[in-house]
Amino acid sequence: MGQRTGSLPAVRRAVEHDLVELLRLHAPPSEALDDDGLDALAVVLRRQLDSDAVRVLVVDGAGERLAACGIGTIEQRLPGPGLSDGRTGQVIGVAADPDQRRPGPSRAVLRGLLDWFGEHEIARVDLHTPGADEPLYRELGFTSHPDPALSWSPAADRAVTPSR
């Protein structure tokens, strides 16, 4: 992936040295994740840095801090209409330092992920977004998907009483 020049900040692939900052930007609020959860997140992020099916991109901020980071994955699904090889992209998340929350770093990271998906000839890229970030994603070409999103959890399944 070539770095873009001009008005967008330089994007680079994350390295192991970035793990502490990746945790800072991607970890949920402190009350939602204990030390074991943070350790598990660090292990997964470390593995993703070297994966061919995952791209972790960052924009450097002031000092040793990152201004923004983003994670994208390529998933193999069954081929179907519009997905001749069954490969799709997923933007796992784009996070920005709250002190540097302006569109440039986040836009640069997302643009870098879209370039990476394009290099791999991914026909469709999905993302789930909080409402506040939706205008940026739409500006970059994301549209509403006609398929409704549903999810299942084993814990929720146990809570459901079967009807007879």
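Using a 4.5 Å cut-off on side-chain heavy atoms (C-beta onward), Ile71 and Val91 make no contact. Side-chain contact between Trp116 and Ile122 is absent, with no heavy-atom pair separated by less than 4.5 Å. Between Arg124 and Arg77 the shortest side-chain heavy-atom distance falls below 4.5 Å.
Placement of Val15 and Val54 in two distinct hydrophobic clusters is found when ILVMFWY residues are connected by side-chain heavy-atom separations under 4.5 Å, directly or transitively. Under a hydrophobic-cluster definition in which Ile, Leu, Val, Met, Phe, Trp and Tyr are linked whenever side-chain heavy atoms come within less than 4.5 Å, directly or via other members, Leu25 and Val43 are assigned to different clusters.
Distance check: Leu83 CG to Gln76 CD gives 9.5 Å after rounding to the nearest 0.5 Å. Put simply, CD on Gln90 and CZ on Phe117 are 8.0 Å apart, with the number rounded to the nearest 0.5 Å. Cys69 SG to Leu45 CG: the interatomic distance, rounded to the nearest 0.5 Å, is 8.5 Å. Rounding to the nearest 0.5 Å places CG of Leu127 at 4.5 Å from CZ of Phe142.
The backbone N or O of Leu66 sits less than 3.5 Å from a side-chain atom of Glu21, completing a donor-acceptor pair. No donor-acceptor distance shorter than 3.5 angstrom exists from the side chain of Glu119 to the backbone of Leu114, with no hydrogens or angles considered.
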Does the pair Leu19 and Leu49 meet the rule for a side chain to side chain contact (heavy atoms under 4.5 Å, CB included), with working shown? CA-CA 9 Å; Leu19 274 175; Leu49 293 177; 4.3 Å; yes

Is there a side chain to side chain contact (heavy atoms under 4.5 Å, CB included) between Val20 and Glu64 once you walk through the steps? CA-CA 10 Å; Val20 170; Glu64 295 289 316; over 6 Å; no

For Arg111 and Val109, run side chain to side chain contact (heavy atoms under 4.5 Å, CB included): C-alpha distance rounded to whole Å, both residues' side-chain angles, the deciding distance at 0.1 Å, then the answer. CA-CA 5 Å; Arg111 188 72 251 161; Val109 164; over 6 Å; no

Yes or no on side chain to side chain contact (heavy atoms under 4.5 Å, CB included) for Thr88 and Val125, after CA distance, side-chain angles and deciding distance? CA-CA 6 Å; Thr88 63; Val125 176; over 6 Å; no

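A salt bridge does not link Glu121 to Arg87: none of the charged nitrogens lies less than 4.0 Å from a carboxylate oxygen. Salt bridge absent: Asp18 and Arg13 never bring a charged side-chain N and a carboxylate O closer than 4.0 Å. Salt bridge status for Glu16 with Arg46: present, with a side-chain N to carboxylate O gap under 4.0 Å.
Nearest approach of Ser106 to Ala68, heavy atoms of both residues: N-CB, 3.9 Å. Across Thr143 and Arg138, no two heavy atoms sit closer than the pair CA-NH1, 3.8 Å. Here the shortest heavy-atom pairing between Ala14 and Val58 reads CB-CG1, 3.8 Å. Here the shortest heavy-atom pairing between His26 and Val94 reads CE1-N, 4.4 Å. Residue Leu57 comes nearest to Val11 through the heavy atom pair CB-CG1, 3.7 Å, listed as atom of the first residue, atom of the second, then distance. The heavy-atom pair separating Val59 from Ala10 by the smallest distance is CG2-O, 3.6 Å.
No donor-acceptor contact under 3.5 angstrom links the side chains of Thr73 and Arg55, judged on distance only.
Counting non-hydrogen atoms of neighbouring residues, nucleotides and ligands closer than 6.0 angstrom, the CG atom of Asp52 reaches no more than 12 such neighbours.
In this view, Arg65 and Asp97 satisfy the salt bridge (Lys or Arg N to Asp or Glu O under 4.0 Å) rule, not counting sequence neighbours.
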